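Comments concern the structure below.
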Amino acid sequence: MLPIDAAAHSSRWRRRHPVDKAVLGLGLTLLAISLPPWPGAALVLVTALAVLLGPAGVPGRRLWRAYQVPLGFCVTGALPLLVQVGGADGFLTVAQGGPVRAGELLLRTSAASLGVLLFAFTTPMSDLLPRLVRAGVPAPVVDVALVTYRMSFLLLDSVRRIREAQAARLGHTTRAATWRSLGGLGATAFVRAFDRAARLQSGLAGRGYDGTLRVLVPEARVSVAFTAASGALLAALAALTLVLKGALS
């Protein structure tokens with residue numbers, strides 16, 4: 001199990017309905033991309049961090065490890081805005097207003113990523129996917145997502161075991177040995193993935209699979225109080241942004 005999935009299963013908000021957490025987490029994401037970067041996205045970023053580390057109870061080290069991946073994409077996307085290619089001053093020069101635009105983009109995307117992580121760190125996929133059928137998503141699409149979600153963990157576990165076996169047999173001592181081990185790892189993982197898929201199909205057929213995977217979903221109700229508090233927080237952030245924007249301008 002990936003660290004973010006383990007954190008979601010042990011979250012303080014695990015028993016809350018996904019709609020409650022979607023209103024807050026995805027609402028913060030929408031505010032981050034729709035409000036002015038300064039001070040709107042900055043307020044969203046601080047609020048998301050406070051909720052993640054406070055009421056949601058996400059460990060700071062685990063949050064930072066998960067945040068590094070989207071933050072890397074945010075930085076990579078902002079860097080090209082710093083320069084321009086071509087022009088009278090040379091082939092590669094500093095773009096006019098580039099640092100400001102890069103900073104605004106980085107602020108927006110990093111704040112939006114925290115909103116998504118808030119939802120991910122508090123909502124296991126096993127609680128979310130089965131409920132999508134009630135939301136109108138076709139059942140076969142949800143079944144494929146469930147199977148893919150499960151198979152991905154099995155495949156990652158197989159890759160880990162193969163790497164450990166290769167390392168125990170000195171398969172990474174030299175560069176040539178490392179490349180041979182990587183080739184063997186890819187081939188073995190490919191074969192095991194097809195073998196697990198075939199066994200899964202046989203198991204489903206033996207249990208009378210009729211085209212729908214039926215799973216138990218934890219009982220949960222949408223909390224009107226939690227949803228209302230989330231909406232009030234989002235509205236307060238939007239109002240505070242507009243007030244500060246007017247004062248700063």
Side-chain angles (χ1 to χ4, degrees), residues 1-37 39-67 69-71 74 107-139 141-142 145-146 149 214-245:
M1 183 177 291
L2 297 177
I4 193 169
D5 293 278
H9 281 277
S10 59
S11 171
R12 296 176 184 173
W13 291 352
R14 164 70 194 279
R15 300 303 175 186
R16 290 195 175 277
H17 198 281
V19 171
D20 295 344
K21 295 169 283 190
V23 170
L24 179 57
L26 302 185
L28 289 172
T29 300
L30 290 176
L31 286 182
I33 63 178
S34 59
L35 292 177
L43 290 174
V44 172
L45 190 148
V46 173
T47 303
L49 273 177
V51 174
L52 278 163
L53 300 177
V58 178
R61 181 172 298 181
R62 186 171 291 181
L63 174 61
W64 171 242
R65 289 183 61 185
Y67 189 45
V69 177
L71 185 60
C74 296
L107 199 56
R108 281 187 187 276
T109 52
S110 57
S113 300
L114 280 178
V116 176
L117 285 178
L118 174 60
F119 182 74
F121 265 105
T122 56
T123 310
M125 293 296 292
S126 56
D127 292 351
L128 174 64
L129 290 176
R131 289 185 168 91
L132 293 179
V133 178
R134 304 175 186 175
V137 179
V141 175
V142 176
L146 281 170
Y149 177 71
R214 295 173 177 82
V215 296
L216 294 176
V217 181
E219 288 293 332
R221 293 184 178 180
V222 177
S223 174
V224 177
F226 187 92
T227 305
S230 299
L233 176 62
L234 298 175
L237 284 174
L240 182 59
T241 298
L242 296 178
V243 171
L244 292 177
K245 183 68 174 178

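Residue numbers count from 1 along this sequence. Source: prediction; values computed, not measured.
Residues Ser223 and Thr227 come closest through the heavy atom pair O-OG1, 2.8 Å. Residue Ala41 comes nearest to Ala111 through the heavy atom pair O-CB, 3.4 Å, listed as atom of the first residue, atom of the second, then distance. Here the closest non-hydrogen pair linking Leu244 and Pro39 is CB-CG, 3.6 Å. Closest approach of Leu31 and Ala238 over heavy atoms only: CD2-CB, 4.4 Å. Nearest heavy atoms, Ile33 versus Ala112: CG2-CB, 4.0 Å.
Checking side-chain atoms of Ser110 against main-chain N and O of Leu107 turns up a donor-acceptor pair under 3.5 Å.
To the nearest 0.5 angstrom, Leu117 atom CG is 13.5 Å from Arg62 atom CZ. Once rounded to the nearest 0.5 Å, the distance linking CZ of Arg14 with NZ of Lys21 reads 8.0 Å. Note that the OG atom of Ser113 and the CG atom of Leu71 stand 7.5 Å from one another [nearest 0.5 Å]. Atoms CZ and OG1, from Arg108 and Thr29 in turn, are 13.0 Å apart once rounded to the nearest 0.5 Å. Distance check, rounded to the nearest 0.5 Å: CZ of Phe119 to CG of Leu28 gives 13.0 Å. Put simply, CZ on Phe226 and NE2 on His17 are 13.0 Å apart, with the number rounded to the nearest 0.5 Å.
Residues Leu63 and Leu49 form a side-chain contact, since some pair of their non-hydrogen atoms from C-beta on lies under 4.5 Å apart. Residues Asp20 and Ser230 form no side-chain contact, since every pair of their non-hydrogen atoms from C-beta on lies 4.5 Å or further apart.
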Could you walk me through whether Leu114 and Phe121 pass side chain to side chain contact (heavy atoms under 4.5 Å, CB included), step by step?
CA-CA 10 Å; Leu114 280 178; Phe121 265 105; over 6 Å; no
Which is it for Leu234 and Leu30 under the side chain to side chain contact (heavy atoms under 4.5 Å, CB included) test, yes or no, and what are the steps along the way?
CA-CA 10 Å; Leu234 298 175; Leu30 290 176; over 6 Å; no
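Checked against ring pair (Phe, Tyr, Trp, His ring centres under 6.0 Å), Tyr67 has no partners two or more places apart in sequence or in another chain.
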